[in-house]
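Here's the structure, in structure tokens; my notes come after.
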Amino acid sequence: MPPDRPLKRGWTTGTCAAGAAKAAFAALAGGDFPDPVEVELPSGARPAFALAIHSRDEDSAMAGIVKDAGDDPDVTHGALVKARVRRLPLGAGVVFRAGEGVGTVTRPGLPIPPGEPAINPVPRAMIAQGIAEVAAAHGIGADAEVEISIAHGAELALKTLNPRLGIRGGLSVLGTTGIVIPFSCSAWIHSIHRGIDVARAMGLDHVAGATGSASEAAAQKFHGLDEVALIDMGDFVGGMLKYLRAHPVAKVTVAGGVAKMTKLAQGLLDLHSKRGAPDLEALARLAEEAGGASGLCARIRAANTVAEAFQHATAEGVALGDLVAARAWTHAAAALGRADVALEILVFDRAGTLMGRAPFAPAGKG
């Protein structure tokens with residue numbers, strides 16, 4: 001059944017941090033805290049946020065925004081995200097610091113290198129953009145030290161995957177679009193079904209379900225697909241394939257990052273982190289099948305993340321991605337189970353580079 005009302009979307013920690021940093025830098029530049037403060041999202045939208053707290057001292061300004069995650073069961077919903085900003089000499093750029101409740105990266109294989117605050121690339125870009133916008137308006141340099149903190153972040157981080165990933169001391173500042181889409185199994189699967197229905201109604205013979213925005217963009221570019229052909233599959237590969245079994249199209253692509261597709265290769269049709277982690281021991285065995293030496297397999301077993309494991313395999317010229325794609329195809333084909341539908345698996349890294357492919361083949365017995 002469709003939900004009684006549309007689920008309310010929320011804002012990422014990255015968006016809140018960007019708004020707080022922009023407000024604090026504006027106070028340093030012009031003396032006043034903008035309240036509400038506008039933030040430009042990667043899409044170009046410009047939502048505005050009320051400040052929950054702000055203050056100034058001799059060399060810095062601080063502003064804070066309370067995160068609203070909408071209807072998503074996010075551990076950071078209601079958390080106070082603060083930014084303390086200090087001006088830096090011309091040409092210094094924007095320097096990021098981890099304040100109380102924000103973690104520090106200690107292991108490789110993540111989007112941010114070890115030793116850096118766990119503030120992901122898109123939030124960093126949003127923060128820098130907001131500072132640049134204020135700087136241009138005041139005719140000053142966009143150079144600042146930005147310290148992000150999250151109230152009770154160290155305790156909240158224990159409820160996340162951060163400790164296992166080697167992010168110590170607090171939460172990560174996350175976000176790719178700036179918007180939190182509520183995680184609801186029934187609502188999300190309902191939207192998958194409607195996307196397939198629309199594609200079929202428009203006469204499309206090829207749809208692509210992707211685990212996230214990066215793999216979706218890469219799959220769209222790989223095949224030159226119309227936007228209507230793109231299905232926001234998320235973690236629900238099984239839900240999408242089972243619906244396509246009853247409502248088929250001629251060609252189906254399943255696309256995802258290396259970690260999600262590794263989980264599919266290991267037989268998981270729900271790819272959410274709460275349903276299980278990728279098995280690095282099994283991945284090491286696949287690397288051995290692909291011709292990897294014992295040293296490579298040992299490094300894969302000891303890797304912090306699947307992305308790091310793939311980096312090791314790539315460095316030694318082992319086509320781990322193709323074997324992962326082939327195994328993922330086998331499990332996806334079993335769920336789809338139609339000889340009149342050609343199924344393909346695409347595996348991408350974070351940059352959208354194709355790491356492995358299982359080409360189109362009938363997903364069932366004729």
Side-chain angles (χ1 to χ4, degrees), residues 11-42 44 46-67 76 79-106 108 110-151 153-154 167-176 178:
W11 309 106
T12 63
T13 48
T15 296
C16 297
K22 182 180 178 183
F25 188 75
L28 290 177
D32 294 322
F33 287 88
D35 189 7
V37 59
E38 281 193 352
V39 176
E40 183 167 333
L41 304 182
R46 295 181 66 89
F49 300 87
L51 301 183
I53 188 173
H54 58 80
S55 65
R56 281 201 60 175
D57 57 28
E58 289 186 3
D59 68 343
S60 69
M62 181 276 294
I65 292 171
V66 173
K67 177 176 174 176
T76 57
L80 179 62
V81 181
K82 296 190 294 184
R84 182 169 293 280
V85 180
R86 297 175 178 85
R87 295 279 305 277
L88 291 179
L90 191 65
V94 178
V95 177
F96 294 95
R97 305 289 183 213
E100 184 178 357
V102 170
T104 298
V105 177
T106 66
L110 296 170
I112 301 299
E116 280 287 311
I119 303 171
N120 271 18
V122 171
R124 287 176 181 238
M126 290 173 65
I127 290 168
Q129 179 177 327
I131 287 173
E133 187 178 310
V134 172
H138 290 272
I140 60 174
D143 306 284
E145 178 188 89
V146 178
E147 179 184 282
I148 304 298
S149 60
I150 302 174
I167 298 171
R168 305 300 182 194
L171 292 161
S172 302
V173 179
L174 301 173
T176 54

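- At a threshold of 4.5 Å between non-hydrogen side-chain atoms, the residues Glu133 and Lys22 count as touching.
- A pairwise comparison of heavy atoms in Ala142 and Ala132 identifies CB-CA, 3.8 Å as the closest pair.
- Between Ile119 and Val146, the closest side-chain pair of non-hydrogen atoms is not below 4.5 Å.
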Show me the donor-acceptor pairs, under 3.5 Å and distance only, between side chains in residues 81-103 and residues at least two apart or in other chains.
from, atom 1, to, atom 2, distance (Å)
Arg84, NH1, Ser60, OG, 3.0
Arg86, NH1, Glu145, OE1, 3.0
Arg97, NE, Glu145, OE2, 3.3

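- Contact annotation: the side chain of Ile53 approaches that of Leu80 to within less than 4.5 Å [non-hydrogen atoms, C-beta and beyond].
- Residues Pro47 and Trp11 come closest through the heavy atom pair CB-CH2, 3.6 Å.
- Judged purely by atom type and a 3.5 angstrom limit, Thr12 uses its side chain to pair as donor or acceptor with the backbone of Thr15.
- Across all their heavy atoms, Ala118 and Ile167 have their closest contact at CB-CG2, 3.7 Å.
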Without placing hydrogens or testing angles, list every side-chain donor-acceptor pair under 3.5 Å for residues 30-38, not counting sequence neighbours.
from, atom 1, to, atom 2, distance (Å)
Asp35, OD1, Leu51, N, 3.0
Glu38, OE1, Arg46, NE, 2.8
Glu38, OE1, Arg46, NH2, 3.2

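- Taking every heavy atom of both residues into account, Ala61 and Ala27 meet most closely at CB-CB, 4.2 Å.
- For residues 111-123, the pairs satisfying side-chain hydrogen bond (donor to acceptor under 3.5 Å, both in side chains) are Glu116-Arg124, with sequence neighbours left out.
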Dump the intermediate steps for side-chain contact (heavy atoms from CB on, under 4.5 Å) on Phe49 and Val66, then the final yes or no.
CA-CA 9 Å; Phe49 300 87; Val66 173; over 6 Å; no
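- In this structure, the side chains of Pro42 and Val122 come closer than 4.5 Å at one or more pairs of heavy atoms.
- At a threshold of 4.5 Å between non-hydrogen side-chain atoms, the residues Pro114 and Thr106 do not count as touching.
- In this structure, the side chains of Pro117 and Thr104 stay at 4.5 Å or more apart for every pair of heavy atoms.
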Hey, mind stepping through Ile148 and Ile127 against side-chain contact (heavy atoms from CB on, under 4.5 Å) and telling me if it holds?
CA-CA 10 Å; Ile148 304 298; Ile127 290 168; 4.3 Å; yes
